Amino acid sequence: MRRATVTVILAALAAVGIAGCSGPGGGATPSGPQLTNGRAVPNHRVKIKEFSDLPIYYDHYAPSAITAGDGVLWVTDTIDQDYGENVVVRIATNGKATEDYYYGGVTTEGSSFDDITLGPDGALWITDGYNRQILRMTTDGNYTGYPLSGYTSPNSITNGPDHALWFTEYSAVGRITTKGKVTIYGASGALQDIVTGPDGALWYTETQGNKIGRITTRGKITEYSNGITPSAFLWSIAAGPDGALWFTEYDGGRIGRITTKGQVTEYSSGITPGEHPVDIAAGPDGAMWFTEYQTVSSYQPGGSKIGRITTDGHIKEYSRGIDPAAGPDGIVAGPDGNIWFIEGSTNRVGRAKL
């Protein structure tokens with residue numbers, strides 16, 4: 001799906017006093033070939049191509065999130081409120097934009113799109129942090145806004161197990177029905193990503209708390225921190241094909257796995273030192289795919305890669321075909337059986353053909 005652009009990540013790091021990468025850590029992975037369900041993915045099987053078909057307005061537009069639905073990809077492209085309007089772009093599986101849906105915002109100062117997901121009603125649901133609202137957009141581009149008055153800005157959003165949408169705020173988890181009714185559940189601070197787990201609960205990351213949270217559809221919260229390296233700066237989380245949840249540790253270059261009982265395993269062997277794992281998603285090949293980049297100077301990425309980790313912890317990185325300054329961010333399995341990702345620093349969409 002997504003999850004916040006590279007510059008947003010760096011700003012968040014500065015805000016909490018975390019800077020740079022602490023280097024690889026966590027558990028070592030077993031040796032052996034890269035196999036998932038008996039399927040190998042050697043280098044020549046993954047062919048990466050970049051597409052420059054998103055709106056361009058000098059250096060101001062940057063994609064912030066990606067999701068799949070209705071046989072295509074949907075990308076939120078953000079821009080500073082002083083320069084233009086945020087937009088949702090419909091991308092065909094050949095990499096070409098087929099429609100741009102601009103949002104005028106509720107004020108003259110625009111909006112800020114942070115995440116996007118396909119809802120149970122067949123519409124796209126978007127977090128607009130600047131206006132503190134959840135947006136619903138039909139697949140033909142009609143927007144409806146649901147304000148979150150009195151609350152902090154919404155961040156990530158996901159399709160819930162109860163025919164509703166669930167989202168994170170800085171210190172709360174929210175639920176919104178397809179009719180726009182909102183319920184808020186207080187939680188500990190700095191919540192980031194959220195996803196529906198295989199156990200019918202919602203699971204989320206806490207960047208400052210260094211924890212994984214679990215919330216039932218009735219609002220009961222449980223937090224897990226045992227086994228997570230201190231100051232890991234947990235970022236994205238996704239349900240895996242193995243009945244567990246997989247998450248990224250931005251600071252330290254690790255991928256984590258947590259069972260629905262709260263048991264954590266960390267993997268770092270195979271991740272280049274200095275790389276920051278960002279978003280993660282289940283692939284069509286039974287493995288997890290993630291984005292990563294290195295910070296070579298303030299707010300400037302380099303050494304951009306995407307990674308693949310099997311359910312037994314074998315990691316492989318891919319960089320051929322990716323602009324080193326791309327800043328890969330959100331990632332998702334596409335409707336064409338390939339992996340799609342966004343490049344927050346070069347305003348492009350990438351495809352890894354399996």
Side-chain angles (χ1 to χ4, degrees), residues 1-4 64-69 74 76 88 112-129 131-137 144-207 209 211-224 234-240 243-248 258 260 262 279-282 330-332:
M1 270 179 211
R2 90 64 112 66
R3 314 285 177 195
S64 57
I66 184 170
T67 194
W74 300 86
T76 51
V88 174
S112 175
F113 290 172
D114 298 302
D115 198 11
I116 186 170
T117 193
L118 184 71
D121 55 350
L124 286 306
W125 290 78
I126 304 157
T127 54
D128 175 5
N131 292 305
R132 298 184 179 182
Q133 66 175 340
I134 302 295
L135 288 171
R136 178 184 185 270
M137 190 197 85
T144 304
Y146 300 99
L148 305 173
S149 178
Y151 303 109
T152 56
S153 301
N155 194 356
S156 297
I157 191 167
T158 193
N159 195 352
D162 54 351
H163 202 73
L165 290 302
W166 289 73
F167 58 94
T168 55
E169 296 180 334
Y170 181 82
S171 57
V173 177
R175 177 184 185 270
I176 183 169
T177 69
T178 55
K179 301 296 184 182
K181 182 181 178 181
V182 176
T183 306
I184 299 293
Y185 302 95
S188 55
L191 275 61
Q192 176 55 32
D193 199 14
I194 189 168
V195 71
T196 295
D199 56 349
L202 288 303
W203 292 73
Y204 58 88
T205 53
E206 297 182 23
T207 55
K211 299 173 185 176
I212 298 292
R214 176 185 185 271
I215 182 170
T216 68
T217 54
R218 293 180 177 271
K220 181 182 179 181
I221 292 176
T222 307
E223 295 178 320
Y224 302 94
L234 309 187
W235 196 256
S236 180
I237 189 167
L245 289 303
W246 291 76
F247 58 95
T248 57
I258 184 170
T260 55
D279 198 20
I280 190 166
I331 192 168
V332 71

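Note that the coordinates shown come from a computational prediction; the quantities given were computed from them, not determined experimentally. Only heavy atoms go into these numbers, but all of them, side chains included; no hydrogens, no water, no symmetry mates.
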Side-chain heavy-atom pair [X], [Y] within 4.5 angstrom cut-off:
{"X": "Leu148", "Y": "Ile134", "result": "yes"}
{"X": "Pro120", "Y": "Asn159", "result": "yes"}
{"X": "Ile194", "Y": "Val173", "result": "yes"}
{"X": "Val88", "Y": "Ile116", "result": "yes"}

Atom [atom1] in [X], atom [atom2] in [Y]: separation rounded to 0.5 Å?
{"X": "Glu206", "Y": "Tyr170", "atom1": "CD", "atom2": "OH", "answer": "10.0 Å"}
{"X": "Ser236", "Y": "Tyr204", "atom1": "OG", "atom2": "OH", "answer": "15.5 Å"}
{"X": "Arg136", "Y": "Asp121", "atom1": "CZ", "atom2": "CG", "answer": "4.5 Å"}
{"X": "Phe167", "Y": "Thr127", "atom1": "CZ", "atom2": "OG1", "answer": "9.5 Å"}
{"X": "Phe113", "Y": "Leu135", "atom1": "CZ", "atom2": "CG", "answer": "5.5 Å"}
{"X": "Asn155", "Y": "Thr168", "atom1": "CG", "atom2": "OG1", "answer": "4.5 Å"}

Any donor-acceptor pair under 3.5 Å linking the side-chain atoms of Thr205 with those of Asp193?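 Result is no, nothing qualifies.
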Would you name the heavy atoms of [X] and [Y] that are closest together and state the gap between them?
{"X": "Ser153", "Y": "Arg132", "result": "OG-CG, 3.8 Å"}
{"X": "Ala187", "Y": "Ile221", "result": "CB-CD1, 3.9 Å"}
{"X": "Val332", "Y": "Thr67", "result": "CG2-CA, 4.3 Å"}
{"X": "Ala244", "Y": "Pro198", "result": "N-CG, 4.4 Å"}
{"X": "Ile184", "Y": "Ala172", "result": "CG2-CB, 3.7 Å"}

Non-neighbouring partners of Trp203 that pass ring pair (Phe, Tyr, Trp, His ring centres under 6.0 Å), sequence neighbours left out: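 By the ring pair (Phe, Tyr, Trp, His ring centres under 6.0 Å) rule, Trp203 matches Tyr224.
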If a pair satisfies salt bridge (charged side-chain N to carboxylate O under 4.0 Å, His left out) and one of its residues is in residues 211-224, list it, with sequence neighbours excluded.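 Sorted pair list: Asp199-Arg214, Lys211-Glu223.
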What residues, two or more places apart in sequence or in another chain, satisfy side chain to side chain donor-acceptor pair (under 3.5 Å) together with [X]?
{"X": "Ser171", "result": "none"}
{"X": "Trp246", "result": "Asp242"}
{"X": "Thr76", "result": "Ser64"}

Take Thr217 and Trp166 through the test side chain to side chain contact (heavy atoms under 4.5 Å, CB included) and record every step on the way to the result. CA-CA 9 Å; Thr217 54; Trp166 289 73; 4.3 Å; yes
Set of residues satisfying side chain to side chain contact (heavy atoms under 4.5 Å, CB included) with respect to Ala282, sequence neighbours excluded: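 By the side chain to side chain contact (heavy atoms under 4.5 Å, CB included) rule, Ala282 matches Met288.
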Set of side chain to side chain contact (heavy atoms under 4.5 Å, CB included) partners for Thr196, sequence neighbours left out: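 For Thr196 the side chain to side chain contact (heavy atoms under 4.5 Å, CB included) partners, ignoring immediate neighbours, are Thr158, Pro161, Leu202.
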side-chain hydrogen bond (donor to acceptor under 3.5 Å, both in side chains): which pairs involve residues 172-181, sequence neighbours left out?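 For residues 172-181: Asp162-Arg175.
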